[in-house]
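Written below as structure tokens is the structure these notes are about.
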Amino acid sequence: MAYALEGSTGLWEVVVGLEVHAQVISRAKLFSGASATYGGAPNTHVSFIDAGFPGMLPVINQECVAQAVRTGLGLKAEINLVSRFDRKNYFYADLPNGYQISQFAHPIVGTGAVEIELSDGSIKHIGITRLHLEQDAGKSMHDQHPDKSVIDLNRAGVALMEIVSEPDIRSPEEAGAYMRKIRQILRYLGTCDGNMEEGSLRADVNVSVRKPGEAFRTRCEIKNVNSVRFVMHAVEAEAKRQIEVWEAGGEVRQETRLYDPARGETRSMRSKEDAHDYRYFPEPDLLPLVLDEQFVEALKASLPELPDDKRRRFCDEYGISFYDAGVLVADAATADYYEQVANGRDARLAANWITGDFFAALNRLGATIETSPVTASANNELIGLISDETINGRIAKDVFEIMLDTGKSPGEIVTEKGLRQVTDTTAIDDAVAQILAANPDKVAEYKSGKDKLFGFFVGQVMKAMAGKGNPSLVNEAVKRQLS
Ligand code: ADP
Ligand code: MG
């Protein structure tokens with residue numbers, strides 16, 4: 001059953017389209033040589049162009065163009081070899097020019113699609129309408145002075161990619177999955193760091209509701225939502241609000257709203273302006289942006305493997321589940337780490353190990369794959385020791401703990417602590433015989449039909465052997481001696 005919200009007049013479908021703003025990773029700004037690095041003392045990364053001095057001419061930064069093309073390719077979208085910049089006019093204190101240079105009628109990237117996966121395992125495609133390049137604005141700060149607002153122009157002129165989706169999203173879950181997917185693709189491509197807390201990735205969330213089968217109704221746009229969770233909450237809160245409006249006999253008006261995370265609700269900011277309110281016109285200071293086919297081809301050829309492709313390859317090449325593959329390709333560093341661990345080993349065992357004990361340890365230590373105290377090659381060696389039966393799975397956990405504590409290699413630890421698995425059947429038979437002799441009453445119960453006691457005997461034998469018995473040999477010996 002698809003997601004729907006229940007109102008007093010029955011079920012409502014939710015319709016969502018996202019406009020994602022992604023700050024481009026590049027050294028310099030879109031049209032000036034000033035640094036695009038985040039932070040820095042206020043107003044230290046500002047050129048005359050960014051400050052809107054009269055007579056200054058913008059010059060396009062080719063690296064920002066390349067980043068937009070890479071992103072377009074990663075979104076499986078059409079690259080427009082000819083695009084154009086337009087002026088979007090509006091007044092705001094942090095916009096010294098009184099206009100933003102953006103792309104309106106002719107964006108650099110056209111239609112594409114991304115795949116999202118939902119919790120029931122189904123895959124859905126969300127259409128990409130376009131991606132265009134534009135300048136970011138500066139930042140107004142209202143908390144620095146008791147009765148003045150101050151402006152930091154460091155961000156003014158930094159390149160942004162606006163990625164617009166089709167209104168294909170139908171639930172908070174889909175909106176969240178879409179955001180995460182976009183972030184993952186951008187990070188794989190190295191075109192945006194995806195850091196929503198610092199604002200380098202943020203979304204305008206367009207929401208409307210309708211009765212199933214109806215045409216789209218009026219939408220509201222919730223501005224600048226800066227976490228995946230808030231995107232999901234904003235969709236739900238706004239949809240519920242609109243349902244109430246419609247059901248009370250009112251009408252939803254097209255407007256721009258803000259999401260207030262503390263109260264879990266959206267509130268009106270201003271009535272939504274339409275394109276004509278901005279008086280867009282072609283930017284007279286820039287020529288149309290014309291891309292060479294070879295430039296695009298070269299970027300395509302140097303694109304890294306994308307997460308969906310990597311995930312399918314992991315399934316095929318390593319025989320691991322689609323689910324596990326999804327976990328392992330979450331970010332490129334984890335995927336690389338896994339491939340090093342699996343190299344030449346039992347790849348499924350490696351996947352279970354990484355997604356299980358290894359991730360649990362990182363979590364516990366507050367570490368990431370980059371700061372992991374255990375290297376991929378040490379984990380690779382450990383998997384080898386399990387596969388060739390030098391140690392069993394139980395002891396591997398102990399060895400791993402010592403690896404975490406000491407940084408020693410697993411081979412060293414096994415030798416030092418004498419943790420080698422016991423495969424000597426005489427030793428195992430002796431241990432089994434002793435346990436059975438010490439528990440005559442349990443043996444009698446087992447023989448009269450209490451099958452569950454089998455596990456008890458195996459456990460006792462393992463314990464007596466300090467966990468080092470070969471599990472299948474121990475099982476066999478217990479079975480043999482009990483029969
Ligand atoms: P604008 O640029 O004025 O914000 P667009 O037509 O470019 O308007 O649409 C912006 C976003 O709104 C897109 O992501 C689109 O998918 C979404 N959208 C359009 N119509 C609806 C609707 N009825 N309900 C929800 N989202 C919508
Ligand atoms: Mg918009």
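In each ligand, atom 1 is the first atom listed, and ligand 1 is the first ligand listed. Only a predicted model underlies this, so the values are computations on that prediction, with no experimental measurement involved.
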Exercise. Hey, looking at atom 21 (C) of ligand 1, which of R219, E162, E221 has the closest heavy atom?
Worked result: R219
Problem set entry | Backbone N/O of F104 and side chain of D86: donor-acceptor pair under 3.5 Å | yes
For this session: Could you tell me whether Y323 atom OH has more than 12 heavy atoms of other residues or ligands within 6.0 Å of it?
Result: no
Exercise. Which one holds for T218 and ligand 1: side chain close, backbone close, both close, or neither close, with close meaning a heavy atom under 4.0 Å?
Worked result: neither
Exercise. Which atoms from ligand 1 have a heavy atom of G17 less than 4.0 Å away?
Worked result: 14 (O), 16 (O), 17 (C), 26 (N)
For this session: Could you list the atoms of ligand 1 found under 4.0 angstrom from a heavy atom of F216?
Result: 23 (N)
Exercise. Without hydrogens or angle criteria, can the side chains of N89 and R279 be said to hold a donor-acceptor pair below 3.5 Å?
Worked result: no
Exercise. Which ligand 1 atoms are under 4.0 Å away from a heavy-atom of V164?
Worked result: 13 (C), 14 (O)
Exercise. Of F358, Y337, Y338, F400, which meets ring-ring contact (aromatic ring centres under 6.0 Å, His included) against W353?
Worked result: F400
For this session: Taking only heavy atoms of E166 into account, list the atoms of ligand 1 that are under 4.0 Å away from them.
Result: 16 (O)
Exercise. Taking distance alone, with no angle check, do P167 and ligand 1 share an N/O pair under 3.5 Å?
Worked result: yes
Exercise. With a 3.5 Å cut-off and no angle check, do the side chains of S208 and R219 form a donor-acceptor pair?
Worked result: no
Seminar exercise, completed: Note: A335 and F314 closest approach over all heavy atoms is O-CZ, 3.8 Å
Exercise. What atoms of ligand 1 come within less than 4.0 Å of a heavy atom belonging to S165?
Worked result: 13 (C), 14 (O), 15 (C), 16 (O)
Problem set entry | Close-contact set for ligand 1 against L18 heavy atoms, below 4.0 Å | 14 (O)
Problem set entry | For V15, the ligand 1 atoms whose distance to one of its heavy atoms is below 4.0 Å | 24 (N), 25 (C)
For this session: State if R217 counts as touching ligand 1 under the rule of any non-hydrogen atom under 4.0 Å.
Result: yes
Report all side-chain donor-acceptor pairs from residues 72-82 shorter than 3.5 Å, counting only partners two or more places apart or in another chain.
unit_1: E78; atom_1: OE1; unit_2: T111; atom_2: OG1; d: 3.4
unit_1: N80; atom_1: ND2; unit_2: P107; atom_2: O; d: 2.8

Problem set entry | Partner set under ring-ring contact (aromatic ring centres under 6.0 Å, His included) for F281, not counting sequence neighbours | none
